[in-house]
Amino acid sequence: MASELDLSSSFIPSLYKPAALLPIARHRQSLLYLVETYPVTIVVGQTGSGKTTQLPQYLDQAGWCVDGKTIAVTQPRRVAATTVAARVAEEMRCKVGEEVGYSIRFEDLTSPATRIKFLTDGMLLREALVDPLLSRYSVIMVDEAHERSLSTDVLLGILKKIGKKRPELRIVISSATLQAEDFLRFFAGEELQKDEDSNEIGGSVGRIISLEGRMYPVDILFLDSPAEDYVERAVKTVFDIHSQEADGDILLFLTGREEIDTAIQLISEHAATLRSKTQSVLPLPLYAGLTTEQQLYVFEPAPENTRKVIVSTNIAEASVTIDGICYVVDCGFAKLRAYNPNTGIETLTAVPISKASATQRAGRAGRTKPGKCFRLYTQQAYEQLPDVAIPEIQRSNLAPVIMQLKALGIDNIVRFDFLTPPPAELVIRALELLFSLGTIDDYAKLTKPLGMRMAELAVDPMMGKVLLSAQTFGCLNEILSIAAMVSLQGSVWVQHDSDRKNAESMRRKFAVEEGDHLTYLNVYQAFVTKGKKDSKWCRDNLLNYKSLQRAVSIRAQLKRYLERFGISVDENPPLSTSRGPDLSGQPERVQRCLTTGYFAHAAKMQPDGTFKTVSGDLTLYAHPSSIMFNRKVDWVIFHEILQTGDKTYIRDISKIEKSYLLEYAPEYYRVK
DNA sequence: GAGCACTGC
């Protein structure tokens, strides 16, 4: 899993530049002046400018942490928060957790001495639940804001609100060039003016400052005419580079696992035909679905006389940085998730990337010396790409976001100041779901205590409702484990293409007739008892050790929340599933309890083995990863619905009785 | 018979 890919400690030395030599050092005085003078500073800085590591230290030295205040620096990713903290701590000659610390879910390495704190932007939002004005921070720097992640966008809206109430608070936004003015305009509102003489933009609210990066030039090359098959064309390009260009590794961007496997295969086949005298080629896959060990190969130096060709998804665009890349081959596409508010279905499809993405991909070739980027599309096609991708907030299921905003005291979602407002249909759909779950009332206010508690739990609203119903069904212990397993999002089993049959029989060992949820419960129970939390036991059973460890942490955290609500968890009653002795009708309780949250995700199996939604207008397929794949059932509820290619799949499926739907969602199913 | 990338005290 990418989130567990923690390689940076071994790579810090190569990234090290003496701080005084970083381009940002020349701008120290101007930066401090801007932060001193204006509430908002937009820092445009390329890779290697040192903004993330140096600016917080300048601010600390300039006195922004006197009287016990802290500087917060947010990151969209956990790995970034921990590794940047480690580097800054080293520069400040302290241990992580002393003057410099970080805070991410399950790990809080901060202390009363901490003056610079790195944290995920999601984490800062959680802090705002307890401290709505984020009063302990004198400066809040939002790094990588141009990525426009869901939580970054929510955070920016919240910060604008807080800024009005705390004029002394300083907000620093780090952004790519393309969006800097949008950010400033957002914070400045109508007050922003453009000075035609100096071409400077600003007002009393803020200013933009640009820092040069430490990048080498990258030559961009386009195709003369469009490629018919970009995977084939990519492989041809790789070998053209190999035979005609100087030493240096190649990074090839494709959209997904299937394309990557095909390309690796083609490259291996062709490489075998090369004359033995020439330098050889080593193709390596990189995508989030690989295990950590498999991902680590891309960081190892290639053997002598060997050129690495890393074939990667978008993960190498921003999340994973590999040194030594001199050539980038860019297919021009990426798979993106989108949410259809009319059907409530998520889609995962390959779409053309933005100009900003294309620039970011090309930049991956210029980290160690001048490089080249081969774009597998025409310059004309490039000109037609959108400047930036549609932000997540405009293409996501907003139920969790709206629940969070309401918990932060923002009840009027329509009037909330978003950087880019989400489409009305998304907001309406989310409000409808929250209302049907009992999270909000007729006035769209969070209900007490249900809605308030759901917002505090770190799970999506449907599962939150299930957790908060579990006590009345007498299956809280089981639901806690199930909720933790479902939040692993499919990473319970490791995937091996080689022995698909074996994988299937391993899965069957844990399979439960009632469906995926109780199967997960079985796996979890086996892991904490028989498996003794043992990595070898996991390997033998093709289970993902790191994921299951994570499930243990998530479960413990959820349990702590529930106990804080006064809901006690009895760990003792014996578990029973259809595999074990059925002592108390426990599977049925779990099935009933799941229905209280997932009634809107119900489907009925047809004679041909496909499923139909309650309204009957959609044909759904059980995802092949489900225990319900190729099985006979009647009614089911499911966790997720996802359209890929021309089929719509449901995942994490459990059997229910039709009567449960009417019993637990009478309003929702009133007329049917 | 199959899946882009992230995240939550």
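Lettering follows sequence order; numbering is per chain, from 1.
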Write down the distance between [atom1] ([X]) and [atom2] ([N]), rounded to a whole number of angstrom.
X	N	atom1	atom2	answer
A:Leu124	B:dC6	CG	P	21 Å
A:Tyr339	B:dC4	OH	P	21 Å
A:Lys335	B:dC6	NZ	P	15 Å
A:Leu125	B:dT7	CG	P	14 Å
A:His146	B:dC6	NE2	P	15 Å
A:Arg395	B:dC6	CZ	C1'	11 Å
A:Leu408	B:dG8	CG	C1'	12 Å
A:Ile393	B:dT7	CD1	P	18 Å

Of all the nucleotides listed ([options]), which has the minimum atom distance to the side chain of [X]?
X	options	result
A:Pro624	B:dC4, B:dG8, B:dA2	B:dA2
A:Arg78	B:dT7, B:dG1, B:dA5	B:dT7
A:Arg77	B:dC4, B:dT7, B:dA2	B:dT7
A:Tyr649	B:dA2, B:dT7, B:dA5	B:dA2

Subject >> Of all pairs that satisfy salt bridge (charged side-chain N to carboxylate O under 4.0 Å, His left out), the ones with a partner from residues 344-353 of chain A, not counting sequence neighbours >> reply: A:Arg337-A:Glu346
Original post:
Is the base of B:dT7 touched by the side chain of A:Gln489 through a donor-acceptor pair closer than 3.5 angstrom?
Top reply: yes
Subject >> Whichever of A:Arg507 and A:Arg560 has its nearest DNA chain B nucleotide further upstream toward 5' >> reply: A:Arg507
**OP:** State whether a side-chain donor-acceptor pair under 3.5 Å links A:Glu317 with A:Ser357.
**Re:** yes
**OP:** Verify the distance criterion only: is there a donor paired with an acceptor across the side chains of A:Arg555 and A:Ser481 at less than 3.5 Å?
**Re:** yes
Give one of base, sugar-phosphate or nothing for [X], where a contact means two heavy atoms less than 4.0 Å apart.
X	value
A:Ser149	nothing
A:Phe333	nothing
A:Arg105	base
A:Thr120	sugar-phosphate
A:Glu392	base

Subject >> A:Lys335 and A:Glu259 ion-paired at < 4.0 Å >> reply: no
Subject >> Carboxylate-amine/guanidinium proximity below 4.0 Å for A:Arg631 and A:Glu513 >> reply: no
Original post:
Are OP1 or OP2 of B:dA5 and a side-chain N or O of A:Thr313 less than 4.0 angstrom apart?
Top reply: yes
